[in-house]
Amino acid sequence: MSFPLNPSQREAVRHVGSPLLVLAGAGSGKTRVITAKIAHLVEKGASPASIAAITFTNKAAKEMAERSRDLLAKQGAGAGAGGARGPAISTFHALGLAIVRAEAAELGLRAGFSVLDPGDLEPIVAELVATADRARARAAQWQVSRWKNALVSPAAALAAAASADELAAARAYAQYADTLAAYQAVDFDDLIALPVALFERDAEARARWQRRYSHVLVDEYQDTNPAQYRLFRHLVGEATPFTVVGDDDQAIYGWRGATLDNLAQLPRDYPDLKVIKLEQNYRSTVRILRSANAVIAKNPKLYEKKLWSELGLGDTLRVAPAADEEGEAEMVVGRLCAHRFEKRTRHADYAILYRGNHQARAFETVLRARGVPYEISGGQSMFDRTEIRDIVAYLRVIANEDDDPAFVRAATTPRRGVGAATLARLSEIGAARKTSLFGAAFEPEFAAAVPQRQREAIDEFCALVNRLRHRAPKEPAARLLNELVAAIGYEDWLVATLDKRDAAERARSVADFVGWLGRKGETDGRNLLELTQMVALVTRLDDRDAETADAVRLSTLHAAKGLEFPHVFMVGVEEGILPHREAVDAGNVDEERRLMYVGITRAQESLQLSYCRTRKRAGEKVDVAPSRFIGELAQEDVRYADAPLAPDDAAREKASGAARLKSLKASLAR
DNA sequence: TAGAGATTAGTTTTT
DNA sequence: CTAATCTCTA
C-alpha cells in the first residue's frame, strides 16, 4: 500500500485543530491513517513519546508500533533512531497497567502486585458465591466484570440486583475487592477502573497524566466500554487534541461491555468534533463489497456510510452446504487445495474463519491429514496451558508474597509432599496472624502445627522464593527463569508424570515461554518482577516465524478483525452459530450481523460461505438450518453449490440411527 | 499424597 | 463423543 493518501485520508492526517472522529469503513486504510498521523505530528514538532496510541489487542498494538517506527525512520532526521523513545503505543489494558504501576502507592498496592486473569479469579468468585457449580461461578464472575466495565459500584449493584443470582453476584462483588486487596492483586477490569477512580479523586494525578500526552489516538473506538471511555476522557482532559478511529458497523464486543453509546456521545461531549468518513475500500472486489453492504444495511445506522471499491467486479461469492462438520472440513480443505493448485497461490493467501474456537478442530484434523501447513490465530490463550500457569505461579509468588492462589499452585507443583492438610494449617495460621500463606510459614506456630517432612518442604520452597526475589531486581530475567525451572525440577516432573509425547510437548512450551520472556526482558529492559505483571496481559507469544510462515490461517471472526486475505472461507454459517443462539435469545442479532459483515469484509478476491445440514451435539446428530444472513447477501452475486449426493444422506441416516440406539441404551442403563 | 480409572457435563467471542 | 473433573485405592 504505497499509494498516496486519498483526500479524506489526507484530511484526517492533517487535521489538528480540534478533536477528530474518523469513521473508517472496513479496508479503508485506517491503520495507515493512524500511523501517518503519528508521523505527521512528529514532523510538526511533537516528541514521539508524547503521542499515545491506544488499541484493543496486542497484535494491533504491535503492528501499529512497527509501521509507525518504519515511517518515522523513513522520515529520518533522527526521529526514530538512537534510543529516542518512540510513540506510546499500547492496548488499553497495558496503558492501565502502566498507570497502576506508576501510581501503585496511591492505589494502596505494593510494587509487586499481581495481575490475575479470569482463570485465577474463577475459584475466588466460586467461593464468594458459595457454589461448586462452575457455570454459576462463571456467571457471577461475568456479572461482576460487567459492573466494573460499566463503572457500577458494589453498592449500586447491590441496590439494583433484580434476581437471586444477581444478588449473590452483587454480594460477591462487594467482598471481591477485599479479597483481591488481601492478595495484593488486580484483575483485568481493575487496570481500567483503578486509574479512573484515581483520576476522579486526585486532580494532581490526573493533571500529571494529561501533561504527559500531546495527542491521544484511539483505534477501534467503537469497541470501547464506559470505563475505557472515561479513562480516555481523563487522559485528554480539556486541552489535549485527539483522534479516534472507528466503524460502528464493526462493533463486535458488546458482550464485553463495549457500547456504541460512546460513539453517539462523542459529538455531544466534544461539540467542536470534526467527523471524517473513509469510504473507499482498497481491499475487496465489488461483488464482495456489495454483499457486505447488503448485509449491514439491515442494521440501524449511527452514521450513514457506503463502501465502494475500484478493484473490479471479481468472482461471485459461493455458498456451499455440507452433510456435517467433517464433510464441511473435507469440502473446504479440498476446495482450498484445488484452488491453490489451479491459481498457483500460497497457503498464506487463505483463511478459514469461524464463530467459535471449537469449530477449528474438524479443520485442523483434515489439514493435518493432508499435510497442509496451518496457523491458528486467537484460540486458547497460552495461559490456559497448565505448564505455563505453573511457571507463572512461581513468578507471581516471587513478585508478590501475598498472592495466595499463586502460592498454593507453586507450593504443590511439582509435588513436593505438600498437600491439602498442610495448606489448611498454613491457612489457619495466616488467618490468625493476618498474614498470607507465605507469611504463615514464618510464624512461630508453624513449627508446631506442621509435621517435619512438610515443614522442610515448605521451608525449602520459601527459601527458593526469597532467594529469587532478592536477585530479581538486579539480575537478568533470562538467567533467573532458567535457574527457576531447573531448581524445581519441572522437566523431570513432566517426564515422570506424563507420557513421552505430552511431556516433550509441555517441556517445549515451557522452554518457548521462558526463552520468550527472557528475550522480552532484554529488549524492554525489564526485570523479572515487571515482566510478571505484563505476562498476564499477553495471550500468545509473538512469534515472527508463525506470522510469516506460508500457512493457511484458522481464526475466529473476532480475532480476524483488522486482517485481510485474498481468499476467505467462512464456515459454520448456520442458525445457532452465526447468529449464535444465545445472541438470538438475548436479542443481539445486530451484533451477530456485524460479525458476519466483519467476516465478509476480510476477503479480497474470493469468498466462500459454507454450512452444515447436521451437526454433532453431545454425541448426537442434530439438524441445523443455514444462517439467515446467507439470504441477506447480494443474491445476484451469489452462486449456490449443489446439494451433496444421496449416499451422504444414507450415511447420515445410519449414523443418526446408531446414535439414537446408543443414547437409548444409555438412558436404560440409568 | 499420588496416580489410575470412573463419571459427567458440554451451547460464543477476549484483554 | 470428548475432555475435564472426581473418586478411589495403593
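All chains are named by letter (A, B, ...) in the order of the sequence lines, taking the proteins before the strands, and each is independently numbered beginning at 1.
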Check your understanding: How are the rings of A:Trp209 and A:Tyr213 set relative to one another: parallel (under 30°), tilted (30 to 60°) or perpendicular (over 60°)?
Key -> tilted
Review point. Angle class for the A:Tyr354/A:Phe363 ring planes (parallel below 30°, perpendicular above 60°, tilted otherwise)?
Key: parallel
May I ask you to say what [X] touches in the nucleic acid, namely base, sugar-phosphate or nothing, with a heavy-atom cut-off under 4.0 Å?
| X | value |
| --- | --- |
| A:Arg594 | nothing |
| A:Phe92 | nothing |
| A:Arg415 | sugar-phosphate |

Exercise for review: In plain terms, say whether A:Arg425 and A:Glu428 are close enough for a salt bridge, that is, a side-chain N and a carboxylate O under 4.0 Å apart.
Suggested key: yes
Check your understanding: If we ignore angles and hydrogens, is there a donor and acceptor under 3.5 Å between the side chains of A:Thr614 and A:Asp324?
Key -> no
Atom pair distance, as rounded to whole Å: [atom1] in [X] and [atom2] in [N]:
| X | N | atom1 | atom2 | answer |
| --- | --- | --- | --- | --- |
| A:Arg136 | B:dA9 | CZ | C1' | 17 Å |
| A:Glu220 | B:dT15 | CD | P | 12 Å |
| A:Glu326 | C:dC1 | CD | C1' | 11 Å |
| A:Asp223 | B:dT14 | CG | C1' | 11 Å |
| A:Arg416 | B:dT1 | CZ | P | 14 Å |
| A:Asn225 | B:dT15 | CG | C1' | 10 Å |
| A:Asp117 | B:dT14 | CG | C1' | 12 Å |
| A:Arg138 | B:dT13 | CZ | P | 11 Å |

Point to revise | A:Trp255 over B:dT13, stacked by centroid distance under 5.5 Å, angle under 30° | key: yes
**Study point:** Base of B:dT12 and ring of A:His580 stacked, centres under 5.5 Å, planes under 30°
**Key:** yes
Ignoring backbone atoms, establish whether [X] has a side-chain N or O less than 4.0 Å from OP1 or OP2 of [N].
| X | N | value |
| --- | --- | --- |
| A:Thr556 | B:dT14 | yes |
| A:Asn357 | B:dT14 | yes |
| A:Arg361 | C:dA3 | yes |
| A:Arg134 | C:dT5 | yes |

**Study point:** Pairwise 5' ranking along DNA chain B for A:Ala583 and A:Val418, keeping only the more 5' one
**Key:** A:Val418
Point to revise | P atoms of B:dT13 and C:dA4, separation to the nearest Å | key: 15 Å
Review point. Given B:dT15, B:dT1, C:dA3, which nucleotide is nearest the side-chain atoms of A:Thr422?
Key: B:dT1
Check your understanding: To the nearest 0.5 Å, how far apart are CZ in A:Arg581 and CD in A:Glu575?
Key -> 12.0 Å
